[in-house]
Visitor: 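My structure is below; once you've seen it, I'll send some questions.
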Amino acid sequence: MTPRPPLDGDRSYDVAIAGGGYTGLWTAYYLAQAAPHLSIVVLEAEYCGFGASGRNGGWASGLFPVSEAKLTRRYGADRATAMHEALAGAVDEVGRAATAEDIDCHYAKGGTISLARSPAQLRRARKSPGFLPAAEAKSICGATDVLGGIYSPHCAALHPARLVRGLASAVERRGVTIHEKTRVVALSRGSIVTDRGTVTAGTVVRALEGYTAQLPGHRRALAPVYSLMIATEPLPPSDWDRIGLSRRETFTDERHMIIYGQRTADDRLAFGGRGAPYHFGSRVSPSYDRVPSVFDSLRHTLTDMFGIRPEIAYRWGGPLGIPRDWMPSVGLHDGVAWAGGYVGDGVAAANLAGRTLADLIAGNETTLTALPWVGHRSRQWEPEPIRWLGINAALRATTLRDTLEKHPTPAR
């Protein structure tokens, strides 16, 4: 991969986008179609897809981190339903756009299953729409100790890096300029300052997700929390006969510490999860991408779930953005637009955000611009050291809770 040329001095555009991941690229993609007269530039510190867009678990899902019940209490039933329906539609739109642009991202819409593998998990699962009894759940994903599961059709497995790199090329074909190796150091109304020059623009867009906290004035906007992944060597047919996932359904279980996996197009298990520590001051560093104890835990979980000890071919990680109230948001105010805070469910959500930002910037009032996440403002995270103590304490408590559910203390 050869990086695109960096910015070479001060420039002026109609729209300047900070961040070459899914959010920034989908915004440019749809805006270039809605308003082809606008000049648009995307500014990326490394290369398009360097962050979570190129390193995620490959779930294009209709999941939203705020429950429909909570959205209903805040915004009413109609708007809550509209939010979830729009996300479900975004799963299909990602596939449609990939096909239209000839992006071979290994898209396969097999749905997703969350397994219940302990009595406590089963009690939670029974309350959810899409609940399946043990035999049906196991016929989809042949894990151990399956007591039931929750199935949703609103998810597709894909290769995230193939999608983001293909999307970058599609954006360029529509006349959008992309500068890689151009680090944004400040963003404000009317301008984006980079280490290669300043871009002035009528509208600037913040699309930095897990790297938002590195911007001056945004340290407490989104907490960068790390998620790590492993990928096995290709598994033999005998393993897949037991594991299933014949339609490349994505999978997880009902534990509290999030895990996620998929069967890749070349028959690997790509599997990830949370558990890496949050770093003081919302620091982000390549050295944080690898935590051996978390990689070991992920491999142990695969063995526990499927009774296999696969060879691990790849290990990696990276930060994602979490708002204080876990509510993603999209908005445009006084010439500054933003989107993000997806809490790890950003593959489809970023597509919806990009379409919504395109409508907002073009001045179009649509069903998307009326969704409840538009204009939402999360309160800031607490200052340090409260932020560091609170997030890491929550991670430890979540791990402990899962341990107690798996091995409950006998009653005296």
Side-chain angles (χ1 to χ4, degrees), residues 4 6-32 35 38-53 168 171 176-224 281-284 319-324 328-342 346 350 353-354 356-358 360-362 373-381:
R4 294 170 172 86
L7 183 70
D8 60 353
D10 297 347
R11 293 288 184 271
S12 180
Y13 290 86
D14 294 315
V15 179
I17 299 171
Y22 290 143
T23 300
L25 293 174
W26 282 125
T27 301
Y29 178 78
Y30 291 108
L31 185 58
L38 295 177
S39 59
I40 306 168
V41 65
V42 176
L43 305 167
E44 166 56 43
E46 297 293 342
Y47 54 82
C48 288
F50 172 82
S53 296
V171 163
V176 174
T177 300
I178 299 177
H179 289 299
E180 297 178 326
K181 295 296 181 181
T182 302
R183 184 171 300 278
V184 172
V185 297
L187 182 152
S188 60
R189 179 187 177 188
S191 70
I192 295 179
V193 180
T194 80
D195 59 353
R196 301 280 187 164
T198 297
V199 174
T200 56
T203 302
V204 300
V205 180
R206 172 171 58 80
L208 298 171
E209 192 56 358
Y211 297 88
T212 301
Q214 295 185 311
L215 272 184
H218 293 78
R219 180 73 68 185
R220 295 162 56 193
L222 295 175
S282 293
R283 289 196 298 267
V284 172
L320 52 93
I322 299 184
R324 183 61 179 84
S329 63
V330 179
L332 171 63
H333 177 71
D334 201 21
V336 179
W338 74 90
Y342 306 121
T356 305
L357 283 177
L360 290 170
I361 294 168
W373 68 344
V374 176
H376 175 77
R377 297 278 193 173
S378 301
R379 69 183 178 92
Q380 290 202 330
W381 282 92

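The first residue in the sequence is number 1, and the count goes up from there.
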Visitor: If you count every heavy atom of other residues, nucleotides or ligands that lies below 6.0 Å from Arg189 atom CZ, does the total exceed 12?
Guide: no
Visitor: Measuring from atom CD1 of Ile40 to atom OG1 of Thr27, what distance do you get when rounded to the nearest 0.5 angstrom?
Guide: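 The CD1 atom of Ile40 sits 9.5 Å away from the OG1 atom of Thr27.
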Visitor: What's the shortest heavy-atom distance between Ala207 and Gly24, and which atoms?
Guide: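 Residues Ala207 and Gly24, closest heavy atoms: CB-N, 3.7 Å.
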Visitor: Supply the atom-to-atom distance Ile361 CD1 to Thr356 OG1, rounded to the nearest 0.5 angstrom.
Guide: 10.5 Å
Visitor: Within this structure, what is the CH2-CG distance for the pair Trp381 and Leu222, rounded to the nearest 0.5 Å?
Guide: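 Atom-to-atom, Trp381:CH2 and Leu222:CG are 9.5 Å apart.
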Visitor: Using every non-hydrogen atom in the two residues, find where Ala350 and Thr23 come nearest and quote the distance to one decimal.
Guide: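 So the two residues come closest at CB-OG1, 3.6 Å.
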Visitor: Could you note down all residue pairs passing side chain to side chain donor-acceptor pair (under 3.5 Å) where residues 207-219 supplies at least one of them, sequence neighbours left out?
Guide: Arg55-Tyr211
Visitor: Is any side-chain heavy atom of Leu215 closer than 4.5 Å to one of Arg206?
Guide: yes
Visitor: Distance from Arg4 atom CZ to Thr177 atom OG1, nearest 0.5 Å?
Guide: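 So the CZ of Arg4 and the OG1 of Thr177 are separated by 11.0 Å.
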Visitor: Please determine whether a side-chain nitrogen of the Lys or Arg among Glu44 and Arg183 lies less than 4.0 Å from a carboxylate oxygen of the Asp or Glu.
Guide: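 Not counted as a salt bridge, because no side-chain N and carboxylate O are separated by less than 4.0 Å.
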Visitor: List the steps and the verdict of side chain to side chain contact (heavy atoms under 4.5 Å, CB included) for Glu180 and Glu46.
Guide: CA-CA 6 Å; Glu180 297 178 326; Glu46 297 293 342; over 6 Å; no
Visitor: Which word best sums up how the rings of Tyr30 and Trp26 line up, parallel for under 30°, tilted for 30 to 60°, or perpendicular for over 60°?
Guide: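 Answer is parallel, since the angle falls under 30°.
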Visitor: Just by distance, do the side chain of Tyr22 and the backbone of Ser53 share a donor-acceptor pair under 3.5 Å?
Guide: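 Yes.
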Visitor: Flag the pair Val336 / Leu187 as yes when at least one side-chain heavy-atom distance between them is below 4.5 Å, and no otherwise.
Guide: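 Yes, their side chains come closer than 4.5 Å.
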Visitor: Do you know which two heavy atoms are closest between Ala353 and Ala339, and how far apart they sit?
Guide: CB-CB, 3.9 Å
Visitor: Report yes if the side chains of Val41 and Ile192 come closer than 4.5 Å at any heavy-atom pair, otherwise no.
Guide: no
Visitor: Compare every heavy atom of Ile178 with every heavy atom of Cys48, then report the nearest pair and how far apart it is.
Guide: SG-CG2, 3.8 Å
Visitor: List the atom of Arg324, the atom of Gln380, and the distance in Å for their closest heavy-atom pair.
Guide: CG-O, 4.0 Å
Visitor: I need the minimum non-hydrogen distance between Ala28 and Val42, along with the two atoms involved.
Guide: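 Nearest heavy atoms, Ala28 then Val42: CB-CG2, 4.0 Å.
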Visitor: Applying the side-chain hydrogen bond (donor to acceptor under 3.5 Å, both in side chains) test to Ser329, which of Trp373, Trp338, Tyr342 qualifies?
Guide: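 Of all the options given, the one that passes is Trp338.
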Visitor: As an exercise, state the distance from CG of Leu43 to OG1 of Thr194, rounded to the nearest 0.5 Å.
Guide: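 Going from CG on Leu43 over to OG1 on Thr194, the span is 6.5 Å.
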Visitor: Working to the nearest 0.5 angstrom, can you tell me the gap between Arg11 CZ and Thr198 OG1?
Guide: 11.5 Å
Visitor: What I'd like to find out is whether the side chain of Leu357 reaches to under 4.5 Å of the side chain of Leu31, using heavy atoms alone.
Guide: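 A side-chain contact is absent here, since even the closest heavy-atom pair is not under 4.5 Å.
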